[in-house]
Each structure stands twice: as structure tokens, then as C-alpha cells.
Amino acid sequence: MNAPRTGPHPLAAGPGAISDGDFALLARIVREDSGINLTPGKKGLVVSRLAKRLRHLSLPDIAAYCQYLQSAAGADERAQLVSCLTTNVTSFFREAHHFRALRDEVLPGLLATARSGGRVRLWSAGCSTGQEPYSLAMTILEAMPDAARHDIRILATDIDPQVVEKARAGIYPEAELAQLGPERLRRWVRTAEGARDQGRITEAPRALISFSTLNLIGPWPMRGRFDVIFCRNVVIYFDAETQAGLWHRYARLLPEGGELFIGHSERVSRDMQPYFSNAGITRYRRNAKPLPAPPPGPAHTAKERKQ
């Protein structure tokens, strides 16, 4: 049996210490800036994720980091804080059943629309380092090789500008690209020039995608609707109020019959379920029921609440 711990808790003393007050400050900033809800159980994660920033800024501890954040010189550090605490776990064709449903049930109608001159739009919200939107683009091109000649586009957004730049570059280690399998590797990947043991996604998938930095709880500049929205393993990090607001905003951007794909551990909030029909595993279809006024909360801008 292990002896009982004696002395101060490792999170309460030393360079990696974090007081309740400092954690509350960091949690408030992160929620205000990103909507992410940091519970007290995340103290260890905050300490480990900020270690690199402390070294980079030559700061002795988290208390000093909090002081720096609140100073004029540290105003830009808020974005770095959010970047440090954002989880970017993704892979090509993750949750493969979603891409099978997209290929077999959703795309045939949308591609027919595109062939007749119509507009088709997909959104990868919380695209991380890009594997999801590239998987979407490959799925489209495998069904419609001349997709670039039609009005078909994918918007890929994330709050973290660093991961958006990585996604835009489309360069990945060979070990990650192996997830694609031999046929897709041959078709959609080329050796990255000047990059050892890495490959780059070919031009055809990249040409279908527009990458952009976007905070989901801030203003959305998009004006048109989306036929398909992938927002997977994102809202799980928000509190219930923010989640409800985001589901409402997504519903506003989906036409009747539009599809919403979410993460395996996520569910559309109860008050929004009447506006969606279950279309499969963590997959929802927008129905014809008119939406009520947007709920209050950080996921809606003041302008949207007045509409």
C-alpha cells in the first residue's frame, strides 16, 4: 500500500502551482474568449499546458503569468492561452460511419443539385489541423471528380490561427497519412518538398476548401446557408447554455433537409430537438419547424438576438 501523501499538493506549491484564484481568472478569460468551460478538475491540464508558455515568457510561475495576462503588455497573450488549452485531436475519416452516410445518403442529392447549376456548401466547424475538411473534399471528389468545375465549396474554421495555418498547408507526417489507406495515399498525397517523412495533400482537395479563423461564440460573417455542417467533438467543451445557443445558430444556417454531424459523445440539446430529425448515429437533419427567437447567452451576438 502506498504511504499517504504528506506536504503540499503538487498543484499548490512550486513553479507549477496554481491557486484557486488564478485558476478562476484563467477559466474566466478562456470562457469569455472561446466559450470553453474549464472546471476545477482541469487544474492539472492547465498547469501542464501552460508550462511551455512560462518558459517562453521567462516567467517563474502561474501567478506571474496571470499578472502578465492582466497587464497591457500581455493583451495578446489571451489568444496564446486559448491556443494552449484547445484540444486538437483529429484524424482522417474519423468516425467513418459519418463519411459513409455522407457518401451514400447525402451527397447524391447535393451533387445532382451542383450538376444542374445549384450551389452546395459544407462547413467543417472546429476543423483543427485539417484532416476533417480534407476527408470531406476527398469524399466529394471520389463521387464527383470534376467537382471543382461546379459551385461546391467547403468552409473550414477553427479558433486557433496556428492550427488553421497547419491545415491550410496540408502537410502531415507519413504516419498520420497512412490512415488514408494505399488507394487514397496514391490518389491524394504527394511527397512534401523539403519535408522529410511528410506528405502533402494534392491540389484537387485543397482547391475545394477555404480555411479561416473563427470563434464560434463570436460573430459569424457567413451570409448563405450550408447544406452540411460537421461540428464534432467541439461543443462538448462548452457549458449547457453555450451549447444551446450554438445548436440554434447551426439550425438557422441549415435549410430544410440540411444535415448536422456531431461528435460521438454529443447530443443536440433537448430544447432544440424539435427542430431536427434524427438521421443516424450522431447525425441530425433540419426539419421544417420554424425556429423561435435565439436564446440569450454567449453563443449569440446582440444583432442575432434582435433578428
Side-chain angles (χ1 to χ4, degrees), residues 86 88-96 98-103 106-108 110-111 113-115 118-173 176-177 179-181 183-193 195 198-216 220-234 250 253-254 258-263:
T86 301
N88 295 301
V89 178
T90 187
S91 60
F92 291 99
F93 291 91
R94 187 182 187 189
E95 298 180 44
H98 281 166
F99 293 95
R100 289 193 295 269
L102 180 71
R103 178 194 66 199
V106 181
L107 282 182
L110 294 181
L111 299 186
T113 296
R115 288 188 182 98
R119 172 186 182 276
V120 173
R121 292 293 184 272
L122 298 87
W123 180 15
S124 171
C127 69
S128 186
T129 47
Q131 288 90 333
E132 179 177 274
Y134 286 124
S135 298
L136 293 173
M138 292 174 196
T139 302
I140 291 171
L141 288 164
E142 287 164 5
M144 187 182 192
D146 65 341
R149 295 173 51 192
H150 301 274
D151 193 6
I152 304 172
R153 295 293 181 270
I154 300 166
L155 173 65
T157 66
D158 198 276
I159 191 173
D160 188 342
Q162 297 177 47
V163 301
V164 169
E165 283 306 308
K166 179 174 174 58
R168 185 178 287 114
I171 298 174
Y172 302 95
E176 290 185 29
L177 291 166
Q179 300 160 356
L180 292 171
E183 176 58 26
R184 285 189 170 123
L185 276 172
R186 181 193 65 77
R187 190 171 182 181
W188 304 123
V189 179
R190 298 291 179 268
T191 300
E193 185 177 349
Q198 293 184 313
R200 190 179 194 192
I201 304 299
T202 59
E203 178 61 24
R206 290 166 51 215
L208 291 182
I209 307 169
S210 296
F211 289 98
S212 182
T213 301
L214 180 71
N215 187 340
L216 288 176
W220 293 359
M222 303 86 77
R223 293 292 177 263
R225 291 191 169 189
F226 290 89
D227 303 285
V228 176
I229 297 175
F230 271 58
C231 183
R232 305 186 304 165
N233 307 305
V234 176
Y250 289 140
L253 286 184
L254 287 166
E259 301 262 350
L260 173 66
F261 292 81
I262 65 176

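- With values rounded to the nearest 0.5 angstrom, T139 atom OG1 is found 8.5 Å from I154 atom CD1.
- Contact annotation: the side chain of I140 never approaches that of L102 to less than 4.5 Å [non-hydrogen atoms, C-beta and beyond].
- Between L208 and L136, the closest side-chain pair of non-hydrogen atoms is not below 4.5 Å.
- Salt-bridge formation is detected for the pair R184/E142: a Lys NZ or Arg NE/NH1/NH2 atom is positioned less than 4.0 Å from an Asp or Glu carboxylate oxygen.
- Of the residues listed (F99, Y134, W188), the one engaging F93 in a ring-ring contact (aromatic ring centres under 6.0 Å, His included) is F99, and it is the only one.
- Residues V228 and L110 meet the side-chain proximity criterion, which asks for heavy atoms closer than 4.5 Å.
- For the pair L185/L177, a side-chain contact is recorded, criterion being any heavy-atom separation below 4.5 Å from C-beta on.
- The shortest heavy-atom contact between V234 and G126 is CG2-CA, 4.1 Å.
- Closest heavy-atom contact between V164 and S212: CG2-O, 3.9 Å.
- Going from atom CD of E95 over to atom CZ of R100 covers 11.0 Å, rounded to the nearest 0.5 Å.
- Relative orientation of the F230 and F261 rings is parallel, given thresholds of 30° and 60° on the angle between their planes.
- Of the inter-residue distances, the one linking D227 atom CG with R119 atom CZ reads 7.0 Å to the nearest 0.5 angstrom.
- Among E132, R232, Q131, the one residue that satisfies the side-chain contact (heavy atoms from CB on, under 4.5 Å) test with S124 is E132.
- Within the model, atoms SG of C127 and NZ of K166 stand 12.0 Å from one another, a figure rounded to the nearest 0.5 Å.
- Residue R206 comes nearest to R168 through the heavy atom pair NE-O, 4.3 Å, listed as atom of the first residue, atom of the second, then distance.
- Atom-to-atom distance recorded for R153:CZ and R121:CZ is 6.5 Å, nearest 0.5 angstrom.
- Residues G224 and L253 share a closest heavy-atom pair of O-CD2, 3.7 Å.
- Closest heavy-atom contact between Y172 and T129: OH-O, 2.5 Å.
- Considering only heavy atoms from C-beta on, R187 stays 4.5 Å or farther from M138 through its side chain.
- Between I201 and F92, some side-chain heavy-atom pair lies under the 4.5 Å cut-off.
- Put simply, OG1 on T113 and CG on D151 are 11.0 Å apart, with the number rounded to the nearest 0.5 Å.
- Shortest non-hydrogen contact noted between A137 and I209 is CB-CD1, 4.0 Å.
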